[in-house]
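What follows is a single structure, written as structure tokens, with notes after it.
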Amino acid sequence: MQQGYLVAAEDGKRLPIVGTLVIGRGDEADIYLDDNAVSRRHVEVQARDNGYYWRDLGSTNGTLLNQRSMREGRLRQGDLLQIGNTEFRFDLEELADANDADTNSGALFQETLLDAAGREQPAPPPSKTAILLNAVYRVVNTIAANYEPCDLLDQILETMNGAIDAHRGAVFLANSDYELLPCPECDRVHSIQSGVLQPAEHGSIHISQSIARRVLEHGESVLYQVPTESEDDAAVSESILSLKLRSVLCVPLRAKTDILGILYFDTDRPGHVYTEEDRLLVSAVGNSAGLALENARMHLHMLEKQRIEQDIATAWSIQEGFLVKDWPEDDPRFEVYGATRPAKTVGGDFYDFVRPDLDCIGLLIGDVSGKGVPASLMMAQLVAEFRLLARELPYPSAVLSELNDRLVARAQRGMFCTLCYLRLDLTTGHLLCANAGHHAVMRFSQGLAEPLFHASGIPAGVMADQRWMDEENQLHVGDVLLMFTDGITEARKPTDSPDAAPQEYGEVSLEAAGLAWGNVPLQIMLDGMLDDVQAFTAPQHPHDDCTALAVRYRGNR
């Protein structure tokens, strides 16, 4: 028996290949490489019954085998595998007890027999039980190191094929209606025939449906041997007769609380039947395989969750980088402040502040459709373009029209954006505003709240050549304008019953909060309002970003 090793070129360290090894830069890698050119899960190396194989796991920078860029293949003595800046040499070494290994048909259990005098004795030929136990051990060993569903199912079939002398076998997954399904990862049925793996299209493999359904419904292992011609064959099902099967073996793939599918073997060879020992072995493997599949799914779900969390962190980093942090405090004519609290699934809320000249300020608030990095990238580009246009174009409607045309020209996947942009003349308190599908602006004046500047058109990015109206109004000394996104007004209070209609925070609550905090600095006002929204949805968090932008006019002093 031969053992494969990866030998590091840098220090000569020999790493035995047992089961499946993942090489990469992630915490889950079996061989960790501290190299930015290496992906988190870069390469997988497997020990199989017929040799050692490697496969690139979709890495960013690829993998070299003997200085050639390749995706996968079988490893041979002396092959050089380069991953990033690290090179491994593949070595095969004969195990010391090679003869014993041959005698025991590749058994993974190492054993030594001694007589009364302590002399080593030759091992007897392996029994059927020993072969079956060895097969179970190999499968469990494979399961323990494999979180790739497709590879896992193929290796189970290959191991079972040798252990029970299988003619034909397949793995089918199933839904709650007992419908047989292909592998969700590759959309194929993992199957083997006469020792050769043969991934098949769903529906192209014909099996005994009656036996498969019985296993799924009752969770029992079935060994079916077709009666001989001298026996009564009246009870033989039509599906078995039509397929001319001689023996069928079918067991459930058991997870902790459910049956995920079946492990199925049959044969139409005359005189070839599966035995009770075969059933016991395949049943044991079916239980282990079901748990392994469930673990693999949980592992993939965990990786996907980590990817989403990283996506959210990246989106928020982009978003935060473009939001104003240093608010002007040196002009006594006005006070301005904005704040946002992102939800767990970061959306596209944003705001911006510009000063086209010393006597004029501009405030923009918007909400890009969608979530995550795409929404944040669109927001970043919108803010960059807005800052240029706001200095060139004097009318808010003209700025929105230009932003709309640029959005439509590069729009992907139906993304659009609500926008509201207002300009305030600091010398007169005169307001000019255009609103593209966004919430109205709320004014707090002398203890009263009223909405201003309702949307005069659809959101930007939906259709080209759209136009919006500029509306005018007048601010008085002490007036506060509040711009906000729907994450605030649509924040929902948890309900005791799933059938109860959700209660939203709404504009009435927002008006009350604004009036309650109306005479304090704007930073305290907005923080208090957002705290009130959080208290409303507690113990949950608001399901969408909560963003607000406010300005207080102090007059031309």
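Quick note: residue numbers are just sequence positions, from 1.
- Taking a 6.0 Å sphere around CG of N519, one finds it holds 12 or fewer heavy atoms contributed by other residues, nucleotides or ligands.
- Judged purely by atom type and a 3.5 angstrom limit, S509 has no side-chain atom pairing as donor or acceptor with the backbone of G506.
- A distance of 6.5 Å separates CD of E507 from NE2 of H439, quoted to the nearest 0.5 Å.
- Environment of CE in M70: crowded, with over 12 heavy atoms of neighbouring residues, nucleotides or ligands closer than 6.0 Å.
- For Y395, the OH atom is loosely surrounded, since the number of other residues' heavy atoms within 6.0 Å does not exceed 12.
- The only option from E44, E72, Q46 that meets the side chain to side chain donor-acceptor pair (under 3.5 Å) definition with R55 turns out to be E44.
- H438 contributes a side-chain N or O that, together with a main-chain N or O of F484, makes up a donor-acceptor pair within less than 3.5 Å.
- Residues H42 and L33 form no side-chain contact, since every pair of their non-hydrogen atoms from C-beta on lies 4.5 Å or further apart.
- Contact check for P521 versus I524: side-chain heavy atoms found under the 4.5 Å cut-off.
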Subject >> Check against salt bridge (Lys or Arg N to Asp or Glu O under 4.0 Å), D34 and R25 >> reply: CA-CA 6 Å; D34 187 9; R25 192 163 48 89; over 6 Å; no

Subject >> Worked check of side-chain contact (heavy atoms from CB on, under 4.5 Å) between L180 and L216 >> reply: CA-CA 10 Å; L180 296 179; L216 290 172; 3.7 Å; yes

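- Summarising the geometry, atom CD1 belonging to I17 is positioned 10.0 Å from atom CZ belonging to F88; distances are rounded to the nearest 0.5 Å.
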**OP:** Evaluate the criterion side-chain contact (heavy atoms from CB on, under 4.5 Å) for residue pair V336 and I361; output intermediate values, then yes/no.
**Re:** CA-CA 10 Å; V336 64; I361 62 173; 5.5 Å; no

Original post:
Taking it one step at a time, do R554 and D331 satisfy salt bridge (Lys or Arg N to Asp or Glu O under 4.0 Å)?
Top reply: CA-CA 10 Å; R554 292 178 174 150; D331 194 323; over 6 Å; no

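- Annotation: side chain of L358 is not in contact with side chain of L426 (no heavy-atom distance under 4.5 Å).
- Side-chain contact check for R423 versus C433: every heavy-atom pair is 4.5 Å or farther apart.
- Here the CD atom belonging to E511 is positioned 13.0 Å from the CZ atom belonging to R443, to the nearest 0.5 angstrom.
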Original post:
Checking side-chain contact (heavy atoms from CB on, under 4.5 Å) for the pair Y505/D532: CA distance, chi angles, key distance, verdict?
Top reply: CA-CA 9 Å; Y505 186 75; D532 193 53; 2.5 Å; yes

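- A donor-acceptor contact shorter than 3.5 Å is absent between the side chain of W468 and the backbone of P459.
- Using a 4.5 Å heavy-atom cutoff, the side chains of Y53 and L75 are not in contact.
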**OP:** Begin with the C-alpha distance, continue with both residues' side-chain angles, and end with the deciding distance and a verdict on ring-ring contact (aromatic ring centres under 6.0 Å, His included) for H476 and Y553.
**Re:** CA-CA 7 Å; H476 304 290; Y553 181 55; 9.0 Å; no

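- Between L363 and L481 the shortest side-chain heavy-atom distance does not fall below 4.5 Å.
- D349 and T485 are linked by a side-chain donor-acceptor pair at a separation below 3.5 angstrom, with hydrogens and angles left out of the test.
- Of the possible donor and acceptor atoms, one in the side chain of S401 sits under 3.5 Å from a partner among the backbone N and O of S397.
- When the options L526, L549, I365, L522 are evaluated for a side chain to side chain contact (heavy atoms under 4.5 Å, CB included) with L482, the one that passes is L526.
- Remark: side-chain polar atoms of D425 are not paired, donor with acceptor, to backbone N or O of G429 under 3.5 angstrom.
- E87 contributes no side-chain N or O that, together with a main-chain N or O of E10, makes up a donor-acceptor pair within less than 3.5 Å.
- Within 6.0 Å of the NZ atom in K493, the count of heavy atoms belonging to other residues, nucleotides or ligands exceeds 12.
- Considering SG of C150 and CZ of R188, their distance stands at 10.5 Å, rounded to 0.5 Å.
- Looking at M378 and Q381, their side chains never come closer than 4.5 Å, going by heavy atoms from C-beta outward.
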Original post:
salt bridge (Lys or Arg N to Asp or Glu O under 4.0 Å) between D531 and R341: does it pass, once the steps are laid out?
Top reply: CA-CA 10 Å; D531 287 343; R341 294 187 182 177; 2.8 Å; yes

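- The distance from the CG atom of L431 to the CG atom of L424 is 5.5 Å, given to the nearest 0.5 Å.
- In this structure, the side chains of D479 and F444 stay at 4.5 Å or more apart for every pair of heavy atoms.
- For D56 and S59, the side-chain atoms include at least one donor-acceptor pair closer than 3.5 Å.
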Original post:
Does the pair N435 and L419 meet the rule for a side-chain contact (heavy atoms from CB on, under 4.5 Å), with working shown?
Top reply: CA-CA 6 Å; N435 188 331; L419 293 169; over 6 Å; no

**OP:** With ring-ring contact (aromatic ring centres under 6.0 Å, His included) as the test, would you mind laying out the steps for W327 and Y351 before giving the verdict?
**Re:** CA-CA 12 Å; W327 300 98; Y351 55 77; 5.8 Å; yes

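- Side chains of E472 and H430: a donor-acceptor N/O pair is present below 3.5 angstrom, by distance only.
- Using a 4.0 Å cut-off between a side-chain N of Lys or Arg and a carboxylate O of Asp or Glu, D359 and R333 qualify as a salt bridge.
- Between the CG atom in L382 and the CZ atom in R406 there is a gap of 10.0 Å [rounded to 0.5 Å].
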